[in-house]
There are 2 protein chains.
Amino acid sequence: MAKIAPLSGFPEWLPAGRLVEQEVLDTLRRTFELHAFSSIETRAVEPVERLLSKGETSKEIYLLRRLQAGEGNDKDELGLHFDLTVPLARYVLENAGHLDFPFRRYQIQKVWRGERPQDGRFREFIQADVDVVGQDTLAFHHEIELPLVMVDALSKLPIPRVRIHASNRKVAQGFYEAIGIEDVEQTLRIVDKLDKVGPEIVAELLARDVNATPDQARLTLELAQIQSADASFADKIASFGLSSDLLDEGLNELVALVEGANALIPGSVVADLKIARGLDYYTGSVYESVMEGHEDLGSVCSGGRYDSLVSDGKRTFPGVGLSIGVSRILARIIGKNVVTPSRKVPTAVLVAVNDETERPHAEKTAFELRARGIATEVSPSSAKFGRQIRYADRRGIPFVWFSTEDGEQVKDIRSGEQTSADTSTWEPPAQDLRPILRAEEN
Amino acid sequence: MAKIAPLSGFPEWLPAGRLVEQEVLDTLRRTFELHAFSSIETRAVEPVERLLSKGETSKEIYLLRRLQAGEGNDKDELGLHFDLTVPLARYVLENAGHLDFPFRRYQIQKVWRGERPQDGRFREFIQADVDVVGQDTLAFHHEIELPLVMVDALSKLPIPRVRIHASNRKVAQGFYEAIGIEDVEQTLRIVDKLDKVGPEIVAELLARDVNATPDQARLTLELAQIQSADASFADKIASFGLSSDLLDEGLNELVALVEGANALIPGSVVADLKIARGLDYYTGSVYESVMEGHEDLGSVCSGGRYDSLVSDGKRTFPGVGLSIGVSRILARIIGKNVVTPSRKVPTAVLVAVNDETERPHAEKTAFELRARGIATEVSPSSAKFGRQIRYADRRGIPFVWFSTEDGEQVKDIRSGEQTSADTSTWEPPAQDLRPILRAEEN
């Protein structure tokens with residue numbers, strides 16, 4: 001039998017950590033629904049050729065094979081999805097006749113990648129995505145709306161502030177073309193590495209891989225260093241004196257995004273011209289974001305505008321969406337105890353059992369409390385009171401309910417205060433009804 | 001590219017069906033937490049040898065292989081879990097030092113089986129499990145408690161009544177041994193088929209596979225036909241005049257279960273002596289259950305007592321648990337429209353946009369309503385009012401918010417009633433705040 005040990009890259013939590021995870025997922029879901037997004041959940045598997053259609057990611061896929069199918073006997077035709085965008089594209093095409101466009105969907109699910117696990121990178125992890133998908137057309141204003149949905153959601157989590165850094169693919173492409181760089185895609189992929197490798201290496205890669213002259217490399221790096229919390233970035237770009245319709249269109253969009261977003265939620269979006277996003281399919285706004293004080297984690301929420309999520313020849317479905325790397329955030333806040341729950345069980349009340357003949361009465365008490373929304377456990381043993389109280393104490397259960405000769409009593413085991421109580425009226429203080437999350441100072 | 005088509009055995013829902021699924025899962029979770037169970041979520045994969053350690057199920061497992069690992073180059077060491085019991089056993093052993101026993105856990109997750117899909121049987125499906133796991137010992141009263149948790153949870157769903165049918169492994173084993181049948185395990189597996197194949201075939205199989213005499217087969221079938229909603233089954237079994245300590249112990253437990261459960265929730269548990277459960281590891285109470293009017297679906301909630309969920313040589317972990325086949329229930333109530341949501345989006349209000357220059361004002365209105373818990377969407381276009389109202393109507397959004405020369409107005413598009421409104425005070429009626437589920441008559 002295999003040794004019992006954690007599997008690297010497959011994070012799991014103890015019940016206390018799971019409480020943090022549930023609260024985080026609940027908050028995201030609640031916020032997405034307040035913003036009028038519908039939930040969908042897609043199967044974990046897609047046909048392999050659909051997973052491979054994006055090209056670059058082939059190495060990360062887990063293929064499925066039924067054990068009984070035998071070696072080499074199966075077509076390996078199914079693989080686990082590695083993101084929630086490929087499944088969304090397939091779902092939209094499969095169900096287009098039953099969906100209303102623009103289709104506003106959120107999706108919170110696990111995805112799997114066969115990559116080597118590292119800090120903040122897992123083989124199994126949770127993503128939380130929101131996308132708006134249009135049929136044939138999709139208005140620009142959704143490119144302002146979507147990052148604000150994420151800022152609103154992330155601001156409700158017990159985590160440090162997350163701010164969206166945005167650029168626009170049209171700005172980059174218009175700029176590169178205006179200075180004479182031909183391979184725009186490759187240039188974007190190189191600039192995307194700037195934070196990791198630094199400007200010198202980026203300049204070298206630009207010279208080597210896209211034949212950039214020193215001037216072209218310098219201008220590319222100068223563009224990438226522009227950042228502003230308001231529209232002033234546009235003046236800096238104007239000072240290059242370049243002329244391009246695409247560049248102008250992109251600048252107008254990026255100005256509208258930064259101004260529109262910050263008018264609704266001040267400080268939410270920063271123009272950051274180094275944001276490139278390596279993926280080919282973005283065509284307008286692109287977004288990344290970091291958690292303040294945890295920049296080493298990399299982007300925790302990314303996405304962009306794509307003019308064709310998917311097409312069936314007759315119809316094309318453009319969209320804009322962002323994805324939160326939930327597990328990356330959770331690993332940091334649970335793993336390092338940044339956030340802990342006020343207790344590690346849902347239980348508010350333990351009903352003590354004097355002796356086993358009174359267990360049915362205790363069970364009835366528990367049912368009455370539960371019917372009023374109070375999470376209640378009956379003591380598993382009729383041991384001495386002291387032991388039953390220690391049982392509650394170890395789990396952080398705040399109240400113990402007793403049946404005494406003088407009637408029903410409830411004790412707050414933290415203060416020791418004990419009062420008469422009735423199952424039809426007694427309530428714990430609101431802050432004790434459910435576990436609540438606390439951000440720790442460390 | 002693969003043709004876009006549903007994959008047999010991998011159910012997915014449209015957004016309206018997903019609303020039903022979410023409400024069902026939320027209700028189960030809420031009830032399990034009221035009963036003081038902690039949530040855990042385990043990784044989707046386990047080492048294959050651990051999945052195979054139960055024997056019988058090997059043919060159903062999906063193995064994982066990384067695409068880049070190449071054919072035959074991988075050890076196929078990971079597989080997708082096919083239930084939530086194997087992962088629980090591993091989790092308990094891995095984390096025993098950090099858990100409090102008895103450990104009360106619930107777990108709602110997808111599982112995968114490579115079986116041929118049939119009505120009510122899927123390759124990917126959701127299970128909802130509750131278990132209490134002790135260290136070395138576990139009191140019998142949990143065998144009364146656990147089926148009641150499930151009855152409580154299932155009774156809150158918008159589905160026909162589900163009643164638990166229970167027997168006890170000790171009764172079956174004691175009875176078979178007392179009448180001289182030696183191969184108890186095989187006898188249980190044959191009796192387990194009674195509902196499917198009928199008594200004649202069972203009698204034949206008993207003769208063929210466990211060398212049962214006609215008398216032994218007859219007695220076995222007579223036991224299997226005993227059923228009662230109270231303790232009267234025990235008198236019928238006593239009338240066989242058999243003597244066995246194990247039989248007596250099992251009868252006492254089954255009487256305690258039926259009487260104890262029905263005292264707390266009348267009509268919740270029926271003694272049904274044909275319940276065998278094919279699996280070897282049950283040692284006490286065993287449970288199955290059917291949804292009234294949907295008996296063809298088979299058991300929708302099953303489980304039992306096991307004296308050794310898992311052991312590391314030093315410690316043994318006994319438990320009792322039940323599992324709800326959530327997807328089996330959902331496929332019936334969503335697939336056949338037994339239950340539908342009052343609308344197919346979370347949205348309560350659509351904020352109309354007079355023209356694009358007023359979009360920022362509409363966005364601000366929406367943010368103010370959301371801050372007060374009202375799910376709100378801003379109209380994606382500034383088309384004519386009639387079109388914006390049709391947009392809301394198609395989605396079932398009950399209210400449209402207007403900005404007029406006379407101030408802010410809100411219209412109930414079902415009644416046509418329009419009133420002045422203020423984002424800081426207006427509220428939709430409680431039944432319109434969120435989609436609610438309706439059981440249809442068909």
Side-chain angles (χ1 to χ4, degrees), chain A residues 1-2 4 6-7 10 12 14-15 18 22 33-36 38-45 47 49-50 53 58-59 61-68 71-72 90 93-95 98 100 102 110 114 124 139 141 260 263-264 345-347 359-360 363-364 367 370 375-377 380-381 394-395, chain B residues 1-2 4 6-7 10 12 14-15 18 22 33-36 38-45 47 49-50 53 58-59 61-68 71-72 90 93-95 98 100 102 110 114 124 139 141 260 263-264 345-347 359-360 363-364 367 370 375-377 380-381 394-395:
Chain A
M1 177 61 69
I4 295 278
L7 280 178
F10 292 87
E12 283 184 343
L14 287 167
R18 171 65 177 158
Q22 284 184 298
E33 291 177 357
L34 282 174
H35 283 267
S38 290
S39 175
I40 69 166
E41 182 147 306
T42 57
R43 63 196 189 214
V45 301
E49 51 180 342
R50 187 156 294 280
S53 64
S58 63
K59 63 184 181 304
I61 298 173
Y62 278 115
L63 302 179
L64 258 55
R65 178 169 72 76
R66 281 181 298 124
L67 181 58
Q68 68 168 2
E71 201 68 56
R90 191 262 314 156
L93 212 51
E94 184 175 322
N95 298 297
H98 303 284
D100 297 306
K110 287 191 179 157
E124 175 179 75
H141 59 74
L264 268 172
V345 293
T347 323
R359 182 169 295 279
E363 289 285 2
K364 191 161 165 292
F367 260 82
R370 289 175 194 136
T376 306
E377 178 179 351
S381 86
R394 257 200 315 277
R395 287 158 180 78
Chain B
M1 177 61 66
I4 294 278
L7 280 179
F10 292 87
E12 283 184 343
L14 287 167
R18 172 65 178 157
Q22 284 183 298
E33 291 177 357
L34 283 174
H35 284 267
S38 290
S39 174
I40 69 166
E41 182 147 307
T42 57
R43 63 197 190 214
V45 301
E49 53 180 340
R50 186 156 293 281
S53 64
S58 63
K59 63 185 180 303
I61 298 173
Y62 278 114
L63 302 180
L64 259 55
R65 179 170 71 78
R66 282 180 299 126
L67 181 57
Q68 67 167 2
E71 201 68 56
R90 191 262 313 156
L93 212 50
E94 185 176 322
N95 298 296
H98 303 284
D100 296 306
K110 287 190 177 157
E124 175 179 75
H141 59 75
L264 268 173
V345 292
T347 323
R359 182 170 297 280
E363 289 285 2
K364 192 162 163 292
F367 260 82
R370 290 174 194 136
T376 306
E377 178 179 351
S381 87
R394 257 200 315 278
R395 287 158 181 77

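Here is how names work: the chains are called A, B, and so on, in the same order as the sequence lines, proteins then strands, and each is numbered from 1.
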**Q.** Top contributor to chain B interface from A:L93, A:T347, A:L264 [non-hydrogen pairs under 4.5 Å]
**A.** A:L264
Q.
I'd like to know which of A:P346, A:G260, A:A263 tops the heavy-atom pair count under 4.5 Å against chain B.
A. A:P346
Q) Picking from B:E363, B:H98, B:R359, which has the most non-hydrogen pairs under 4.5 angstrom with chain A? A) B:R359
Q) Tell me, side chain or backbone of B:E94 under 4.5 Å from chain A's heavy atoms, or both, or neither? A) both
Q: Among B:S39, B:P360, B:P15, single out the residue with the greatest number of heavy-atom pairs under 4.5 Å to chain A.
A: B:S39
Q) Any side-chain heavy atom of B:T376 within less than 4.5 Å of one from A:L34? A) no
Q | Nearest heavy atoms of B:E377 and A:A36, plus distance in Å | A | CB-CB, 3.4 Å
Q.
Among A:V345, A:T42, A:N95, which residue has the highest count of heavy-atom pairs closer than 4.5 Å to chain B?
A. A:T42
Q.
Can you confirm whether B:R18 sits close enough to A:S38 that some side-chain heavy atom of one is under 4.5 Å from a side-chain heavy atom of the other?
A. no
Q. Does any non-hydrogen side-chain atom of A:L64 lie less than 4.5 Å from one of B:L63?
A. no
(Q) In the structure I gave you, are the side-chain heavy atoms of B:I4 and A:R90 within less than 4.5 Å of one another anywhere? (A) yes
Q: May I ask you to name which of A:S381, A:A139, A:P380 has the most heavy-atom pairs under 4.5 Å with chain B?
A: A:P380
**Q.** Pairs of heavy atoms under 4.5 Å with chain B: top-ranked of A:K364, A:R394, A:K110
**A.** A:K110
Q. Any side-chain heavy atom of A:R66 sitting closer than 4.5 Å to one from B:Y62?
A. yes
Q: Would you mind checking if A:R370 and B:E33 are paired as a salt bridge, meaning a charged N to carboxylate O distance below 4.0 Å?
A: no
Q.
Could you go through B:L7 and A:R43, starting from their C-alpha distance and side-chain angles, then the distance that decides it, and tell me whether this counts as side-chain contact (heavy atoms from CB on, under 4.5 Å)?
A. CA-CA 9 Å; B:L7 280 179; A:R43 63 196 189 214; 3.6 Å; yes
Q: Look only at the side chain of B:E41 and the backbone of A:E12, and say whether a donor-acceptor pair between them is shorter than 3.5 Å.
A: no
